[in-house]
Amino acid sequence: MIDRIANGFHPFVLPFVFGMVFVLSYCVYGIVKILRQLPAEDRKHFFVTLVTPKYIVKNVWDIFANCLLHVKLWKRNRLLGYMHSSIAFGWFMIILLGHIEVFLFMPSRAKFFYYPIFFNFFVAENETTLRGSLMFFLMDFFLLVILSGIVLAMIKRIRSRLFGMRRTTRPSFLDTIGLYSLWAIFPLRLLAESFTADISGGSFLTLPMNWLFRQFLGNNLNMLPTWWAYSIVLGIFMTILPFTRYMHIPAEMMLIPMRNAGLKIRNARRGFARTEVFSCPNCGVCIDACPMSVKKANVKDCTVYLNRQIRRNNEKRIEEISDKCLLCGKCTVVCQVGVEGSVLRVVQRSTRNYAINQDYSCIDVAPFKSQVAASSGNVLYFAGCMTQLTPSIRKATISVLEKAGVKYKLMDPDGGVCCGRPMLLAGRFAQAKEMFDRNVEIIKASGCDTLLLSCPICYKMFKDHYDLDGIKIVHHSEFFSQLLDEGKLRPKMSSEIKYVFHDPCELGRGEGIYEQPRTVLRQLGTLVEAKQNLDESICCGGSLGSLSLGFEKREAITRNSLDNLCVAHPDTIVTACPLCQTTFGRYSDVPVKDISQVLDSAVGEKSA
Amino acid sequence: MNFGFSLSPSSAVNLDKIDLSLYHKMEEIEPDVRICIGCGSCSATCTGQPFSGMSLRKVILAIQRGRENEAREMLSGCMLCGKCTMVCPRGINTRHLILSMCRYWDGEDHGYNLMNEVEVKI
Amino acid sequence: MIYQGKQKIWSDYQKEIPSDHWFYARSCIRQSFFPGAEKYFMVICKDLLGKDIFENAHHTTCGGISYHSDTIPQETVMTIVARQFALMTEAGYKNFVCSCITSFGNYTEILETWREFPELEAKIRENLWKACRREFEKPEYVAHASDLVYKFRNDIAERAKFRLVNKETGEPLRVVEHIGCHYSKMFPHKGVGGAEYPCVLSGMAEAWGGQVIDYPERRHCCGFGFRQYLVKANRGYSLSNTHKKFESMEPYHPDLIITNCPGCPYFLDRWQYVISEMTGKTYGENGYGIPALTYEELAGLVLGYDPWDLGLQFHQVAIEPLLDKIGIEYDPAKKYLGLNEKEIMKPALPSVMKCC
Amino acid sequence: MATEQSPKVSTPRDIRKEERAQRKAQRQGADAAPERKLEQVIIIGGGIAGMEATKQLLSLGYRPVLVEKEDHLGGHVASWNRLFPDMGDAQAIISTLREEIMDATIYLSTEISFCNRLRDGYNVMLSNGVNVLARAILMSTGFTLFPAAKKEEYGYGVYDRVITNADLENWFNGGDDHRIPSSPKAVGFVHCVGSRDLKAGNPQCSKVCCITAIKQAIEVKEKFPEAEVYCFYMDLRLFGKKYEDFYIRAQRDFGIHFIRGRVSEVSETINGSVQVKAEDTLSGRPIKVVLDMLVLMAGIVNNPDNAGIAKQLSLETDTDGFLRSADNILSITESPRKGIFLAGACTGAKTVPETVAEARSAALSIHNYLKNLQ
């Protein structure tokens, strides 16, 4: 291996050097800024995890698996997974191998950080050496891998449907420049390495190309301009990277250790939230996942656009996007980097100041307390506001409880205090807390050991937000499944009836309850599945999460969700949420029932 | 001079003189506020009503008649549970309307509090 | 305003008013408020027009004031009215004329009630017999004194010494008319011109040269409202209604107000002072109020009777600017001289409203 | 138009001549209507009901004789502009109908002088001297608008800026009306003027005024986008096809204010506008507003001209003052008298499509009646 350039420098490296210095400085600045925005205790905890071996291993593995190999994406879509990991991992390998080459062959030049990138320009190698041919083979191999990824990326840009994506993001102007410069980097590297392959050595890709070019060019005058071009394109990409979606590359490497450290969003725009926003790769997977985007509506209100608008500080759009979302949480499930679309929106909502702040001091809980204390039973059933509008759910639930011989009490026979979740979702935490506290007082006064809920909205609220001193909180679908397990109910099996279960957002994605309602339904009839189900179930459209989405605009969402549920031609749609039931009931041709209703009608009198 | 009695203000609503800026703001945010027919479903189903006398019907009417002060108390008892939205026969997005009223009630934009540190758990 | 439209309505509401032979019933309160008014009504009818108009010294209040103040029941007031009719019958008259419009409303209401419920009339006849051994016949015609003056308005105009015209400019005076709620709001067909566009007072004002103002709150109550005024806790409400009328008529710059009822001129006059004390605002020109006259006083003025003989010094609002406008001569020194030039007391002056 | 200007004068002699001609045609095997259908039917009233019935009777093969007291056909609809809820052109409806009845005998500016009952028909003497014999008479005499001046407190005919729905419609139709200001800032509509009002002598609902008020309010708003438009109503009675959509449009798209409360009184302000007082019953407060134009929705009341004919034909009036049908459910188009039929607003307030449908139904009833007499 011979050093071709005596001082190890050539002016063409300057664009790259500039870009690299710029992007690195920007990242350092960004990291410091974000760390300073973290609350002091979070920051301290984060630093501790960075030096804790257990976390180090986890962080390194997660970064490797997610940022380079795109493991999650592979699971979701192999073609997309290959495309992304070929570019990311291939590029990483080229950089890594470049450094190895320098350390192996030119350790004296290791101090020039551009050396590994432009190694083939600076050295001449006799390709017959084993070491050289192996390294050159690997370099050509990974370059080929990257180029295959680039080709796929180009196809995807033109025909996203081939990759299973119905819609994709519209890149901004800078994103487009970043994209084209990224695409240009690797063909230019191939060309540059090919032109120098007869001098500096090459392998299966670069040597034949060198031969080919020599056949009709006859000289190597193109060598230097190509290396210039390669360096310039690299320089451009690095320089604009902070202002494009490619910022997600460094941001995600920051996000992973932060998340592993257990940090949470504590401010709408700063710290962790900011890292999440910058980690969004703008892939647009959330667009197809979003229930609102049916019929090409509301596309610009998906999480990817929220991230973009937060980066631009466009308050008007941030507000619109934050308010419209149904908070179904599906975008979070499908997101490759784990941007929490719902949390980000709720925290935006929480930043607003109001002229009227609700005050519930007028609520006297004493009558409720004495009412729940008076009756006997150890299960306290809270039907919730929405169930007031679907009294059949309350009736069926009570009926099942009686048939199973459960001793229960009613918490809100004539209406009660809202659980506070709708208020919480509007970002008004203090007001929601006031309502929590009222309910907690009543629950504690009841002396029950189990709080039973038929509304997943209330369920999630009580489960996640209340400190109830060991009182067990169960959703009725969970409770029914348990009653069946214990043999307290013996429902009649009617296998000719086909049921499909709609996973309510708050119950499924919200609390991970997928299996229990299905266990119940399997004992009542034949269970069929929707096209998209479990954590990818589609919101019914009735969600209280959305503030601004009007009634008429929700119809298409509901109908789309119904179509998804009805692919296997069920006889009855079963859900476990009064709001989903009411919403579907408006447009469904198939009967929509709550799980309590189907169970109640399948259980005869007192089977226990 | 103290006569032991005084002029009492008229209880009449003078449509020529009332300040409708809040109503116009609501029209801009939720144009459907105009199609309320005062059926009272929202009030009848309201979770907060038994505690605070909240009646969205009355609140809307009050801002249409420039008598906001009569409705402030009611709004502060809203629990935002969304039942009114579920029952409104005219499909008005009542929750958003209520939230927007609470926000702009006094005619001012109270802005954002972006530096706030909160426990966000949803 | 389409004047022909009003005329059409007036033509629909013309009532028959016999021209002679009347039994006169005075108001219980007007004599103390506006002592010249009833006196000059008699003078005009008897002396000027030569009509047969009779009054009996034994007649009393009609009871309407207590009835509308919710202090006596309807049967009592009916019996009082029956006694008035008995006095008329005994005197041989069939036409009943009263000075007060609450009385007029009261008589009309009672006669209509008897028409609908004859058994009630029989009961009242029995009550009257038991009480004072009198019997009565119902009058053939019931009129308010203003109906008569309206009927003779052109005769008065012919004999008038002055017209309701601004002496300086030659422009007609701007007149606000107020008929009082009990005149025709209950029974529009019993009032000249009906209830919405009554012409009993506006007819006089126009016949005597004035121009009637139709302002938005023209139909509104003067503010008396009986127990609204009589109960002190409600008095602010009474005042507020009067205030509303003045606020509404203010842009028209009225020169005078002509009224029917005993309460109306009283409250339209006295409340101007109270409003001026409370708000510092006066509604007439140059810090004066707007003179509120009864129709008899106004008839007396145009006929050239002495303002002080007409009792105009009993008004709170100074009458002098109006007299000057019309060109009626008066002796300021005699304002507070009573009969036989005897000194009557001078009132203290208000702090805001100019009163001479 | 030709029909109107030169109405065909039919005499019994003409008819006999035509009958002979037809019989001849029949004998020659030509495709002609059967002889019995040459029969005359008298239709009294040339509004849309009379016109539609004439059209139907013509196509059923009769010789309808249409008698109209005005000098033009079309009745009230002829002076209207656009019809709810699709804003169809009223004139187009009239001209279509007119063209379809070109072949009928039409007497304009003609009234009924008297009619006698014969053994199985009627002898009707017209004011133009023509005598018509017919076994069936159709009354399509329509309605009159409540005279708004009767509600004195609203000041129609007294205040400069108070007009009626008919005046406004006439103005939309290109008429001149000095009472309508060039750029009003506020316009009001008073529903139920002379409807559902015992004191106005008409306790019935006029059925079409609510929707007409909404239609006109939208049209006013279209002409004067800057104006605030208020509708004062007692009840909104919007029963027909697409009327609710129309109402929602008025509220949402045009921002028309609906105030539940009847106007109590109207007075003129110093600059000639009108001050309107009402009770806002939903908020329980008095309400006051100054308007540059006030439109009174005069209701539909029975046509007083009906009384004379009704008496001669021994027809009765129902409790609502309109002509009484034999039955208000099954035979609304038949009178209790044999051979006399009723169509349109002479039996009560109706919309245009209802009137047209009823006229068709009446024609069919006449056809069946005459067929059964054979």
Side-chain angles (χ1 to χ4, degrees), chain A residues 39 264-270 273 315 323 327 340 342-343 346-348 350-360 362-364 384-386 388-389 414-426 428-429 431-432 435 460 464-465 542 544 546-552 579 582-583, chain B residues 22 29-32 41 45-54 59 68 71-122:
Chain A
K264 291 263 185 285
I265 292 177
R266 298 284 295 273
N267 177 286
R269 310 282 163 85
R270 295 150 57 84
E315 293 299 339
D323 284 4
L327 303 183
E340 302 157 280
S342 304
V343 184
V346 172
V347 75
Q348 304 307 323
S350 77
T351 61
R352 294 171 204 154
N353 295 323
Y354 285 80
I356 296 178
N357 290 298
Q358 270 73 15
D359 168 21
Y360 305 109
C362 61
I363 299 177
D364 179 14
C385 307
M386 286 300 153
Q388 308 284 351
L389 293 175
D414 304 308
V417 180
C418 176
C419 66
R421 184 155 180 81
M423 193 58 106
L424 178 104
L425 295 180
R428 311 203 64 193
F429 305 143
Q431 284 77 19
M435 280 185 268
K460 184 157 169 56
D464 291 357
H465 293 268
L544 289 171
S546 173
L547 300 178
S548 61
L549 205 61
F551 176 75
E552 283 163 15
L579 188 49
T582 313
T583 310
Chain B
L22 176 63
I29 295 173
E30 276 297 333
D32 280 355
S41 308
T45 197
C46 180
T47 306
Q49 198 276 337
F51 307 110
S52 61
M54 166 66 181
V59 172
E68 290 91 352
R72 197 192 165 104
E73 195 73 11
M74 290 192 232
L75 275 180
S76 71
C78 170
M79 298 184 179
L80 219 62
C81 70
K83 274 171 85 185
C84 47
T85 312
M86 306 262 296
V87 298
C88 177
R90 281 283 176 100
I92 302 171
N93 189 347
T94 53
R95 275 180 90 226
H96 193 226
L97 188 63
I98 292 171
L99 260 184
S100 309
M101 286 198 274
C102 290
R103 198 160 159 204
Y104 300 107
W105 193 253
D106 52 7
E108 279 168 42
D109 187 347
H110 294 263
Y112 304 93
N113 193 346
L114 290 178
M115 300 304 281
N116 222 6
E117 259 175 33
V118 282
E119 186 73 45
V120 192
K121 190 166 156 194
I122 70 161

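Residue numbers begin at 1 in each chain, while the letters A, B, ... track the order of the sequences.
For chain B, the nearby parts of A:R352 are the backbone and the side chain; heavy atoms of each come within less than 4.5 Å. There is no contact between A:L327 and chain B, counting heavy-atom distances below 4.5 Å. In this structure, chain B has no heavy atom under 4.5 Å from any part of A:E340. Residue contact with chain B, scored on non-hydrogen atoms closer than 4.5 Å, involves the backbone and the side chain of A:L544 alike. Using a 4.5 Å cut-off between heavy atoms, A:R266 touches chain B through backbone and side chain atoms alike. For A:N357, the part lying under 4.5 angstrom from a heavy atom of chain B is the backbone only. Contacts between A:S548 and chain B at a heavy-atom distance below 4.5 Å involve backbone atoms as well as side-chain atoms. Interface residue A:M423: backbone and side-chain heavy atoms are both found under 4.5 Å from chain B. Contacts between A:T583 and chain B at a heavy-atom distance below 4.5 Å are absent for every atom of the residue.
Counting only distance, with no hydrogens or angles, the side chain of A:T351 and the backbone of A:Q348 share a donor-acceptor pair below 3.5 Å. Checking side-chain atoms of B:T45 against main-chain N and O of B:S41 turns up no donor-acceptor pair under 3.5 Å.
Put simply, of A:L424, A:L389, A:V346, the one with the most heavy-atom pairs under 4.5 Å next to chain B is A:L389. By number of non-hydrogen pairs under 4.5 angstrom with chain B, the leading residue of A:D323, A:D359, A:I363 is A:I363. Heavy-atom pairs under 4.5 Å with chain A were tallied for B:P50, B:G107, B:S100, B:C78; the largest tally goes to B:C78. Your options are A:H465, A:R269, A:K264, and the one with the most heavy-atom pairs under 4.5 Å with chain B is A:H465. Heavy-atom pairs under 4.5 Å with chain A peak, among B:E30, B:H110, B:M101, B:M79, at B:M79. Ranked by non-hydrogen atom pairs under 4.5 Å with chain A, the options B:M115, B:R72, B:R95 are led by B:R95.
The side-chain hydrogen bond (donor to acceptor under 3.5 Å, both in side chains) contacts involving residues 112-122 of chain B comprise A:E319-B:Y112, where partners must be two or more places apart or lie in separate chains.
The minimum heavy-atom distance between B:D32 and B:G91, with the atom names listed, is OD2-O, 3.9 Å. Of all heavy-atom pairs spanning B:C84 and B:T94, the tightest one is SG-OG1, 3.0 Å. Contact detail for B:V120 and A:V343: the closest heavy-atom pair is CG1-CG1, 3.6 Å.
Among residues two or more places apart in sequence or in another chain, the ring-ring contact (aromatic ring centres under 6.0 Å, His included) test is passed with B:H96 by none.
With a 6.0 Å radius and a threshold of 12 heavy atoms from other residues, nucleotides or ligands, B:E73 has its CD atom at or below the threshold.
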Intermediate values then yes/no, side chain to side chain contact (heavy atoms under 4.5 Å, CB included), B:M86 and A:L579: CA-CA 9 Å; B:M86 306 262 296; A:L579 188 49; 3.1 Å; yes
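We find the CD1-CG distance between A:I356 and B:L99 to be 11.0 Å, quoted to the nearest 0.5 Å.
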